[in-house]
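Inspection log for the structure reproduced underneath, given as structure tokens.
Each ligand, and each atom within it, is numbered from 1 in the order the structure gives. By convention here, the first residue in the shown sequence is residue 1.
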Amino acid sequence: MTASREVGFRLDPVLVGRAAAVESLDAAVATVRAGRSVAVEVCGEAGLGKTRILRELARRAADAGLLVRTGRATQYEQGVPFGLFAEMVEAADGGPDDAASSVPAAVRRMLTRTPAPGAALLLDDVHWADSASLELTEHLLGSPPPVPVLLAVAFRSACPPARLVNAIARLGPAATLIDLPPLDAASLDVLLVGVPRRRRELILRASLGNPLYIKALSRLDDDELDSLARLAHRHDPVDADRLAGSRRSVLAGLAAEITAQQPPVQRVAHIAAVVGDHTTIDLVRHVAGLPMSMVTAAVDQLGRLGLLDADGGRLRYRHPLMRAAAYAR
Ligand SMILES: Nc1ncnc2c1ncn2[C@@H]1O[C@H](COP(=O)(O)OP(=O)(O)OP(=O)(O)O)[C@@H](O)[C@H]1O
Ligand SMILES: [Mg+2]
């Protein structure tokens, strides 16, 4: 999705509504410059801007003279040990590492050799991280190298890596927690500069303040926005049905993450969207005709994708637009 072609949507470098978060980032960078290690935890639902915040942190850390290294977990590499660190180890050693077992040593070596004022390790999408990567991250937090390190992790709040979150909590004041809220009306005024007021209001209502959806919605006309805004504040599956035809291209874009999944996951996503917010896992299993183990695995996967919440056996789409997208497929 390119922001630049969307009317009124400023280029990606613009960061709106995150003054408090940026202040926390600056404080964390200043702490490292003062010689102390610090952890930064960034969480929020899918599309709320975690990666964007990490990018901001990378820039600020580099400007302050820190060595910046980044790592990212992906859903396709959950079985690859130390996948979260692979990129930075390659960058540090100038080539692929020979054995996974040496990754912790390579990371420590890289950090120990870092000159003052220190390093920033920024780890994104940690909700997909393999267990070896999580253990190494916890270890770095618990026994940091002699060089001051800013260690930042970002993950979707619906699927927090529990042990890592606990390890960060144990750091007390040496940890900064950033829980990203949706963008508000004032932020949209800046982001959608030049867009008429009514349209800005419609985009805010339909997106529920989620920057990812704001971008997608900025391509729709007012009537389409109006019906999506109504949908966002209702729970009637008939509305989603009406949306399917005319908004197909936007919805298809949003549904791309679903169509990349295995057939049982796609099927569960579609059924949950059709049945609506009162779907139960049992009902989905019945309609899908799939074994329970397959349905629960699919529900877990849809949870990590940031699409579905499973609450006491009930399934609910986190965002009405994703439900409409899954429905329209
Ligand atoms: N505060 C903001 N101001 C302007 N644009 C933003 C802001 N936050 C996010 N964006 C834009 O919204 C889109 C989604 O943000 P981003 O990719 O950072 O979300 P995310 O939380 O990392 O999502 P995911 O959980 O899927 O990884 C990006 O194009 C990003 O540049
Ligand atoms: Mg991200």
Identify every side-chain donor-acceptor pair in residues 15-28 under 3.5 Å, counting partners at least two apart or on other chains, and give the distances.
from: R18; atom 1: NH1; to: P181; atom 2: O; distance (Å): 2.9
from: R18; atom 1: NH2; to: L48; atom 2: O; distance (Å): 2.9
from: R18; atom 1: NH2; to: P181; atom 2: O; distance (Å): 2.9
from: S24; atom 1: OG; to: A20; atom 2: O; distance (Å): 3.2
from: D26; atom 1: OD1; to: R60; atom 2: NH1; distance (Å): 3.0
from: D26; atom 1: OD2; to: R60; atom 2: NH1; distance (Å): 2.8

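Distance alone, capped at 3.5 Å, places no donor-acceptor pair between the E77 side chain and the G83 backbone. Remark: the backbone N or O of L305 is paired with a side-chain donor or acceptor of R156 at under 3.5 angstrom. When atom types are taken as modelled, the side chain of Y317 and the backbone of A269 share a donor-acceptor pair closer than 3.5 angstrom. At least one donor-acceptor pair under 3.5 Å links the side chain of Q78 to the backbone N or O of Q75. A side-chain donor-acceptor contact under 3.5 Å links R199 to the backbone of S218. No donor-acceptor distance shorter than 3.5 angstrom exists from the side chain of H127 to the backbone of C159, with no hydrogens or angles considered.
Residues L191 and I214 have side chains in contact (heavy-atom distance under 4.5 Å, counting atoms from C-beta outward).
Of all the heavy atoms of R18, the ones lying under 4.0 Å from any atom of ligand 1 belong exclusively to the side chain. For T51, heavy-atom contacts with ligand 1 shorter than 4.0 Å involve the backbone as well as the side chain. By the criterion of a heavy-atom distance under 4.0 Å, neither the backbone nor the side chain of I53 is placed next to ligand 1. Of the heavy atoms in D125, only side-chain atoms (C-beta onward) come closer than 4.0 Å to ligand 1.
Under a 4.0 Å criterion applied to the non-hydrogen atoms of A46, ligand 1 contributes the atoms 23 (O), 25 (O). Near L191, the atoms of ligand 1 lying under 4.0 angstrom from a non-hydrogen atom of the residue are 4 (C). The distance from ligand 1 to the heavy atoms of V14 drops below 4.0 Å at these ligand atoms: 3 (N), 4 (C), 5 (N). Applying the 4.0 Å criterion to heavy atoms of L48 picks out, from ligand 1, the atoms 8 (N), 19 (O), 21 (O).
A salt bridge links R163 to E138: at least one charged side-chain nitrogen sits closer than 4.0 Å to a carboxylate oxygen. A salt bridge links R197 and E201; the closest N-O separation between the charged side-chain nitrogens and carboxylate oxygens is under 4.0 Å.
At a cut-off of 3.5 Å, with distance as the only test, a side-chain donor of S187 or D184 sits close to an acceptor on the other residue.
Which of R52, E45, K50 comes nearest to atom 25 (O) of ligand 1 through a heavy atom is settled by distance: it is K50. When the heavy atoms of G44, G306, P211 are ranked by distance to atom 6 (C) of ligand 1, first place goes to P211. Between E56, E257, R156, it is R156 that holds the heavy atom closest to atom 24 (P) of ligand 1.
At least one heavy atom of G47 sits less than 4.0 Å from an atom of ligand 1.
G44 and K50 make their closest contact through O-NZ, 3.1 Å (heavy atoms, listed as atom of the first residue, atom of the second, distance). Nearest approach of A64 to V29, heavy atoms of both residues: CB-CG1, 3.4 Å.
At a cut-off of 2.8 Å, measuring from the Mg ion (ligand 2), the protein N, O or S atoms that fall short of it are T51 OG1, waters left aside.
By the 3.5 Å distance cut-off applied to N or O atoms, L15 is not counted among the residues near ligand 1. Considering backbone and side-chain N/O atoms, V16 comes within less than 3.5 Å of an N/O atom of ligand 1.
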